[in-house]
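Both counts, for ligands and for their atoms, begin at 1 and track the order of listing. For clarity, every value in this text was computed on a predicted model and none was experimentally measured.
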Amino acid sequence: MTALALVIGNKNYSSWSLRPWLLLKHLGVDFQEIYVPLDAPDVAAQIARYSPSGRVPVLLDGDLRIWESLAIVEYLAERYPAVWPADSRTRALARSVSNEMHAGFGALRGELPFNCRGRRSGVTPSRAARADIDRVMEIWETCRAIGAHDGPWLFGGFTCADAMFAPVALRFHTYGVALPETAQAYVATVLGDAAVRAWIEAGRQETAVIPEDERGQPA
Ligand SMILES: N[C@@H](CCC(=O)N[C@@H](CS)C(=O)NCC(=O)O)C(=O)O
């Protein structure tokens, strides 16, 4: 692996960018950030310099381009075993919930857009989004039942599953979603993480406003 670079979007708005960024931070991997503002008029051209998918994040390893967050984390997992839990059965569960996150939760994502720099009121999840939230609660309960004795993350120590769900925890915080005790504790863990705090702080410094991602009112 040569010097790595991660192409990311706005820290305030790009939940997909946060996922591999947070994983790299927790792995202690040194990497360069390449920032593409998603509100730029030429955003498509800027992203096209790095990826054929038209989406960020993209990991650059020399002349190798890896797009799609799950492809990025699996590339990293080939070098860093700590990406996934050590136990095979737990690892299978961690991969299942991470893939579920990647593939689903459209209502939650659509109605409660990632917007981490402040808190918002007046956003009421629809029935479909509520069902997504309930499923996240179920996943977190299942994972924490395994990880509870080993640390505060989903499987005790930080793994890729946390990178995948941290943006959801931040969404719950932004929109003040009422949560059961296990989920409240997990959101507190995410919010207390030094790397997450640095990401949010950087998001606060950004001045771009993407109107379709600004739901409700400042709380
Ligand atoms: N399935 C992709 C999703 C990536 C994605 O949707 N990224 C958004 C930003 S969060 C994007 O690049 N949008 C491009 C744009 O808004 O022009 C992944 O897992 O990496």
Side-chain angles (χ1 to χ4, degrees), residues 4-27 29 31-61 64-78 83-84 94-118 120 129 132 136 139 159-175 190 195-196 198-200 202-215:
L4 293 178
L6 186 69
V7 186
I8 59 171
N10 308 51
K11 288 188 173 169
N12 183 55
Y13 292 117
S14 184
S15 63
W16 290 110
S17 299
L18 170 56
R19 291 178 167 102
W21 183 94
L22 189 56
L23 184 60
L24 283 162
K25 290 288 177 189
H26 273 263
L27 291 170
V29 177
F31 65 101
Q32 181 201 341
E33 287 178 27
I34 300 175
Y35 176 69
V36 175
L38 298 177
D39 58 318
D42 65 339
V43 60
Q46 286 198 52
I47 296 177
R49 289 173 56 201
Y50 305 106
S51 166
S53 73
R55 297 269 185 270
V56 291
V58 186
L59 184 69
L60 311 179
D61 183 5
L64 181 62
R65 272 93 177 97
I66 307 131
W67 62 94
E68 281 295 322
S69 49
L70 282 181
I72 294 170
V73 301
E74 290 301 351
Y75 184 72
L76 294 172
E78 289 176 18
V83 168
W84 295 112
R95 283 200 164 109
S96 295
V97 297
S98 296
N99 278 264
E100 189 177 342
M101 180 71 248
H102 185 259
F105 301 98
L108 170 57
R109 248 200 277 284
E111 293 175 32
L112 280 61
F114 189 74
N115 187 353
C116 68
R117 67 182 153 210
R120 313 283 301 176
D132 281 352
V136 172
I139 290 171
T159 70
C160 182
D162 298 292
M164 295 304 286
F165 280 94
V168 184
L170 296 186
R171 281 176 155 101
F172 292 160
H173 180 67
T174 295
Y175 297 100
V190 172
V196 170
W199 178 277
I200 293 172
R204 288 200 179 113
Q205 303 302 320
E206 294 172 351
T207 53
V209 174
I210 299 182
E212 60 267 34
D213 289 344
E214 293 289 334
R215 303 290 164 86

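Interface atoms of ligand 1 facing L38, defined by a heavy-atom separation under 4.0 Å, are 9 (C). Within ligand 1, counting atoms from 1 as listed, the ones closer than 4.0 Å to a heavy atom of P57 are 20 (O). Using a 4.0 Å cut-off to heavy atoms of G54, the atoms of ligand 1 that qualify are 14 (C). Those atoms of ligand 1 that come under 4.0 Å of a heavy atom in S69, given as number and element, are 18 (C), 19 (O), 20 (O).
W199 CH2 to R117 CZ: the interatomic distance, rounded to the nearest 0.5 Å, is 13.0 Å.
Without hydrogens or angle criteria, R215 side chain to E212 main chain gives a donor-acceptor distance under 3.5 Å. Remark: the backbone N or O of C116 is not paired with any side-chain donor or acceptor of R171 at under 3.5 angstrom. Looking at D61, its side chain never comes within 3.5 Å of a backbone N or O of L4 through a donor-acceptor pair. Between the Y50 side chain and the L6 main chain, no donor and acceptor come within less than 3.5 Å of each other.
Of the protein's heavy atoms, S14 OG, 3.6 Å lies nearest to atom 9 (C) of ligand 1. The protein atom (non-hydrogen) at minimum distance from atom 1 (N) of ligand 1 is E68 OE1, 2.8 Å. Closest protein heavy atom to atom 11 (C) of ligand 1: R55 CD, 3.5 Å.
Only the side chain of H102 comes within contact range of ligand 1, with a heavy atom under 4.0 Å; no backbone atom does. Residue V56 touches ligand 1 through backbone and side chain together, judged by heavy-atom distances below 4.0 Å.
Looking only at side-chain heavy atoms (C-beta outward), L38 and V56 come within less than 4.5 Å of each other. Residues E68 and R55 fail the side-chain proximity criterion, which asks for heavy atoms closer than 4.5 Å.
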